[in-house]
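As the structure is a prediction and not an experimental result, all values here were calculated from the model. Within every chain, numbering begins at 1; the chains are lettered A, B, ... in the order of the sequence lines, protein sequences first and strands thereafter.
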There are 2 protein chains.
Amino acid sequence: MSKRVGLKDIAEALNVSITTVSRGLNNKFDISKETRKAILEKADELNYRPNAYAVSLRKNEYFTIGVIVPSVDHYFFSTVLKGIMNKAHLSNYLVLIGESTHDLNKEKEVIEQFVSHCVTGVIISPSNKSSYSNNLDILVKKRIPYIVVDRPVKESDAPCVKYDDPNGAFLAVEHLIEQGYRKIAYLKSYDYCVISNARFQGYKDALAKHNIPFNPNFVKTCHLIDQENQEEEGFFATKQLMLAVDKPDAIFAVNDDLAAGAYRLAEKLNLNIPRDLGVVGYSNSQISRHLKPQLTTVEQPGIEMGELAFDFLQQSIIGNKSKLTKTFDARLIVRDSSIRGAETKYKKQKDNKRYANSI
Amino acid sequence: MSKRVGLKDIAEALNVSITTVSRGLNNKFDISKETRKAILEKADELNYRPNAYAVSLRKNEYFTIGVIVPSVDHYFFSTVLKGIMNKAHLSNYLVLIGESTHDLNKEKEVIEQFVSHCVTGVIISPSNKSSYSNNLDILVKKRIPYIVVDRPVKESDAPCVKYDDPNGAFLAVEHLIEQGYRKIAYLKSYDYCVISNARFQGYKDALAKHNIPFNPNFVKTCHLIDQENQEEEGFFATKQLMLAVDKPDAIFAVNDDLAAGAYRLAEKLNLNIPRDLGVVGYSNSQISRHLKPQLTTVEQPGIEMGELAFDFLQQSIIGNKSKLTKTFDARLIVRDSSIRGAETKYKKQKDNKRYANSI
DNA sequence: TTGAAAGCGTTACCAG
DNA sequence: CTGGTAACGCTTTCAA
């Protein structure tokens, strides 16, 4: 294995000092045209690349940021990451990526690794369970700037790029109510899931505003282990709901994949969406446009959120002390899965006695 | 900004030498229980974290790998990245991520940054255009191990985790032929796209095997700029095809998103899939299962490919000289969009004179 | 215009 | 068991 070529190698080849080589490479003024040219040529010939570790160590300047997401192949997070990459590349930052997989210990490990690697800042979309952890304190103690994306953490006033989750849910549920649905079920995630709870709040608020009593039987917990199982979880949760005596007439799911499960169940039971069952998802993921009927869902502008998170981080790095917090306004994307009146378009059966009177 | 705490700070606080502190922290044997304990406690108290830059520089051991993909929010690549993350975390490697966005210059920049950052190895899914570049030579010259994922690069014999793309296309097209389709169109990407060309080859091979003359009018180039525009491109390409005098009776698309565009066009023209138009996509992305009818597609096991790529990289890093190359067997996932006979299930109209006789 | 030397935070070697 | 010293590759300061 050939050793890395360093300043020394160039210096020796040219019979000049290391200092001179460094100067030549860094475009300093106090150097003659010829030596500079010779140095540049030799560096090129030897395929010299500066050792960023040595440079950073010496200059005490580090140009790496760390990004932590629960899962890189999750649609929304991959989108946030994309936004971060866009900006990071422009600013010449390198991006270290870590997955927490919703595991607090792993999240902690990653943070510690990042700290060791002298990241200039961190952008983190905390694990679902993070509100019960102090993982971020590590960064606080080290005075490493960080921006939280998507998930509010405790009552913390950390710089944060959020989405108005409760309101997103509120808009979704109110929309269902306006469409005439009255028995709206909520497909949630684990109890400790901050996101799920925030949306639950919006769900309840919308019911309350319209004087619809909250029915705990209409709330089902889904076990969101990985990307693959979500649809199935949605399927089974909806199944339980629809086989009960008191059935809901609409489903509000904490994400689109769960909603897709509801579609599958509806198909199986010959329920027409949106006539027999209104469905609204969350995230505006790729599949939402491709489901039939197209799924009404809450938009989450991941790329923009990622880009803003990076901007905030940069602000924080350069010492901007103002409150770096932004909450993106919730926006409901109304499509056909929740529009009563759109039903005929997708009707497969003339009628279905069992569910026809569900309003 | 408080300075980073280092060995020196601990040493001073405890009135021992830096050497001793280093020993204590690193679990060396030649140190007394008490000093060790004191050191550990003080380190904890001061919130000490080793500076990985200094450690690496000194030990000349680097524990970072670089990953380069065209786009992090592209379904397949995010999935490859996931596989890499799985393994990297287990091996305690840090992962630097870079996007080429199919831009050779950007790809080169990223590679150079990675080299500067002393990555131990690189996993790269080259840009579409990479077969015309020498970007990988940078790594070769630096003797940095790398693994190419997904896209074969030139005639290069670089370690590689591939997918049998031509055969995937071959299976797809042969399947269509077996289902009775004869006028099969191909929705391709740019001419320089290695992937698109590999699939094109499989397409032509399948036609040849079954003595179906190749019709260049059935080949449409789509401009795949970003995630968003793909469906639209597929829509317009299919539109051109279906408005021509000599219409195809099936579409084989280079990816699922393009295929989704074909669905939209079919819906608009009231074409029944699969009866009037068979459709096969590529990638088995999330949407493929959710399209109606479900889309027949070619599987691409991104996670497994990513995991294997990391394993290969590790082999390469420890100096394993054997040929680290694996081509995943192509597998066609047959669903309803290409099964003649399944059509009634999704039929919306009794008949459609214009296209009914398209077989 | 050039070079010698110090030092970034750490570990390895050798001496005590 | 402990500590001094050199070195990793580079930049910076100071002196020539």
Is the shortest side-chain N/O distance from [X] to OP1 or OP2 of [N] below 4.0 Å?
X	N	answer
A/S32	C/dT2	yes
A/T35	C/dT1	no
B/S22	C/dT11	yes
B/K28	C/dA12	yes
B/N51	C/dC8	no
A/Y62	C/dG9	no

TODO: Answer yes when B/E34 and B/K37 have at least one side-chain N-carboxylate O distance shorter than 4.0 Å, and no when they do not.
DONE: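 A salt bridge is absent here (no side-chain N lies under 4.0 Å from a carboxylate O).
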Task: Test: A/K106 and A/E109 ion pair at under 4.0 Å - done: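 No.
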TODO: For A/L7, report the nucleic acid contact type (base, sugar-phosphate, nothing); a contact means any heavy atom under 4.0 Å.
DONE: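 Base: the residue A/L7, judged by heavy atoms under 4.0 Å, touches a nucleobase.
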Open item on the list: Need to verify one output field. Residue with the more 5' nearest nucleotide on DNA chain D, B/K59 or B/T19?
Closed with: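 It is B/T19, whose closest nucleotide lies nearer the 5' terminus.
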TODO: Indicate, yes or no, whether a donor-acceptor pair under 3.5 Å links the base of C/dG3 to the side chain of A/T20.
DONE: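 Looking at the base of C/dG3, it does not pair with any donor or acceptor on the side chain of A/T20 (distance under 3.5 Å).
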Task: Quiz item: A/R23 side-chain donor-acceptor pair to C/dG3 base, under 3.5 Å - done: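 Yes, the side chain and the base share a sub-3.5 Å donor-acceptor pair.
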Out of [options], which nucleotide sits closest to the side chain of [X]?
X	options	result
A/R58	D/dT11, D/dT2, C/dG3	D/dT11
B/S17	D/dG4, D/dT12, C/dT2	D/dG4
A/V55	D/dT2, C/dG3, D/dT11	D/dT11

Open item on the list: In terms of relative ring orientation, are A/F77 and A/H74 parallel, tilted or perpendicular, with 30° and 60° separating the classes?
Closed with: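 Tilted.
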Task: Rounded distance (Å) that lies between atom C1' of D/dT12 and atom CG of A/L25 - done: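 It is 16 Å, rounded to the nearest whole Å.
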Task: Shortest non-hydrogen contact from A/A309 toward A/I147 - done: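 Distance-wise, the nearest heavy atoms are O-CG1, 3.7 Å.
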